[in-house]
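Worksheet for the structure shown next.
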Amino acid sequence: QGFIPVSHLLEINCQTEEDERNDILTTYVGRTINVKVIECDQERGRVVFSERAALAESGRRNQLFDDIHPEETVCGFVTNITDFGVFVDLGGVEGLIHVSELSWGRVRHPADIVQVGDKLYTIVLQVDKERTRIALSLKRLRSNPWETAEDRYKPGQVVEAVVTSIVPFGAFARLEDGLDGLIHTSELLAAGKPDGSVARLQEGQAVRVRVLNVDATRQRLGLSLRLADGSIC
């Protein structure tokens with residue numbers, strides 16, 4: 001026995017509503033279908049099949065590649081997440097959202113943005129039929145917050161932020177979706193005690209920060225937990 005993820009069933013696509021999907025799933029019981037093995041883990045006793053992959057022979061794949069064009073918005077299901085990006089099934093062929101195309105902001109790992117099975121709308125960046133590769137972007141469906149960052153945030157301005165990650169040289173904090181800034185250890189609460197100062201912050205913590213500098217071209221944002229007079233924000 002093996003498992004077929006819902007995203008690998010032919011009769012279900014990203015437009016299918018949940019109620020309709022459940023009805024379709026019941027029609028599969030007792031049916032004989034053609035599938036392709038896409039994963040086999042003997043140690044875990046895990047076998048994964050795909051009905052879509054079984055259909056996508058060379059002729060079918062070529063047709064799918066002909067139907068997908070750059071700058072189009074396409075819909076698909078997340079099938080795999082790696083350190084370098086996310087694979088999305090587009091109905092028989094897979095596209096890749098590179099980690100740099102997931103968000104305008106800093107991404108520690110793609111799994112922080114999406115999960116396997118998620119339905120995603122993405123923009124096609126490039127189609128390489130010869131190498132059977134499709135490059136996708138999730139972030140380009142949204143406006144780039146860096147384009148107006150220098151107009152909206154000025155040095156000395158105190159704003160609300162949320163700590164997104166702690167690093168050896170400080171902490172990253174998010175002002176808004178796609179706009180992350182660095183609070184360097186020298187700008188943390190306990191100046192001169194990097195280890196202790198970093199430990200004071202936790203991921204997900206809401207903080208008030210002072211904007212030190214904004215470089216939209218390099219997508220750099222410097223922040224501080226201290227006011228100009230040295231007091232806490």
Side-chain angles (χ1 to χ4, degrees), residues 7 76-88 96-123 136-233:
S7 59
F77 291 97
V78 176
T79 56
N80 191 24
I81 298 174
T82 68
D83 291 341
F84 58 85
V86 174
F87 287 91
V88 180
L96 172 67
I97 309 173
H98 189 267
V99 61
S100 62
E101 290 295 331
L102 284 170
S103 172
W104 292 110
R106 183 173 179 270
V107 178
R108 289 189 307 172
H109 192 277
D112 294 335
I113 307 296
V114 299
Q115 299 297 318
V116 172
D118 283 356
K119 179 174 74 174
L120 293 181
Y121 286 91
T122 62
I123 288 181
L136 305 171
S137 174
L138 181 63
K139 73 180 186 182
R140 301 194 193 202
L141 286 175
R142 308 175 179 89
S143 58
N144 183 355
W146 288 101
E147 292 180 350
T148 58
E150 292 182 355
D151 297 328
R152 294 180 292 115
Y153 297 100
K154 304 293 184 181
Q157 185 178 356
V158 177
V159 295
E160 301 288 337
V162 176
V163 177
T164 55
S165 62
I166 308 297
V167 292
F169 49 86
F172 284 94
R174 179 161 298 164
L175 274 60
E176 59 183 76
D177 188 30
L179 209 60
D180 294 64
L182 172 66
I183 311 172
H184 191 267
T185 49
S186 60
E187 297 295 336
L188 286 165
L189 185 61
K193 299 180 180 179
D195 295 337
S197 60
V198 172
R200 289 174 180 267
L201 297 179
Q202 296 180 350
E203 292 182 10
Q205 179 180 346
V207 293
R208 286 175 59 82
V209 295
R210 178 169 60 95
V211 177
L212 296 178
N213 52 74
V214 183
D215 187 340
T217 303
R218 300 173 62 194
Q219 296 191 358
R220 300 283 180 86
L221 179 62
L223 304 173
S224 175
L225 285 185
R226 296 180 297 172
L227 298 173
D229 61 6
S231 60
I232 303 170
C233 288

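- In this structure the side chain of L179 reaches within 4.5 angstrom of the side chain of R152, judged on heavy atoms.
- Scanning all heavy atoms of the two residues, the minimum distance from T185 to P168 falls at CG2-O, 3.8 Å.
- Remark: side-chain polar atoms of E101 are not paired, donor with acceptor, to backbone N or O of H98 under 3.5 angstrom.
- In this structure, the separation between CG on L201 and CZ on F172 is 13.0 Å, given to the nearest 0.5 Å.
- To the nearest 0.5 angstrom, L188 atom CG is 8.0 Å from I166 atom CD1.
- A pairwise comparison of heavy atoms in A161 and A173 identifies CB-CB, 3.9 Å as the closest pair.
- Contacts classified as side chain to side chain donor-acceptor pair (under 3.5 Å) and involving residues 209-219 (residues at least two apart or in different chains) are not found.
- Using a 4.5 Å heavy-atom threshold, the side chains of L225 and V209 count as touching.
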Query raised in the report: Would L223 and V211 count as a side chain to side chain contact (heavy atoms under 4.5 Å, CB included) if you check the C-alpha gap in whole Å, the side-chain angles of each, and the deciding distance to 0.1 Å?
Result: CA-CA 5 Å; L223 304 173; V211 177; 4.3 Å; yes
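- A 4.5 Å side-chain heavy-atom check between D112 and T164 finds every atom pair outside the cut-off.
- At least one donor-acceptor pair closer than 3.5 Å links the side chain of E150 to the backbone N or O of A216.
- Judged by distance alone, the side chain of W104 and the main-chain N or O of D177 form no donor-acceptor pair under 3.5 Å.
- One distance of note links CG of L212 with CZ of R226; it measures 9.5 Å at 0.5 Å rounding.
- The shortest side-chain heavy-atom distance between T79 and V116 does not fall under the 4.5 Å cut-off.
- Of the inter-residue distances, the one linking R140 atom CZ with I97 atom CD1 reads 12.0 Å to the nearest 0.5 angstrom.
- For the pair L138 and I113, the minimum side-chain heavy-atom distance is below 4.5 Å.
- Note that CG of L182 and CG of L221 are 9.0 Å apart. Values are rounded to the nearest 0.5 Å.
- Taking CG of L141 as the reference point, atom OH of Y121 lies at 10.5 Å (rounded to 0.5 Å).
- Of the possible polar contacts, none joining the E187 side chain to the H184 backbone as a donor-acceptor pair under 3.5 Å is found.
- A side-chain donor-acceptor contact under 3.5 Å links K139 to the backbone of S100.
- Residues forming a salt bridge (charged side-chain N to carboxylate O under 4.0 Å, His left out) with D118 (at least two apart in sequence, or on another chain): none.
- Screening R220, R108, R174, R106 against D180 for a salt bridge (charged side-chain N to carboxylate O under 4.0 Å, His left out) leaves a single residue, R174.
- Nearest heavy atom pair, residue P110 against residue V99, reads CG-CG2, 4.1 Å.
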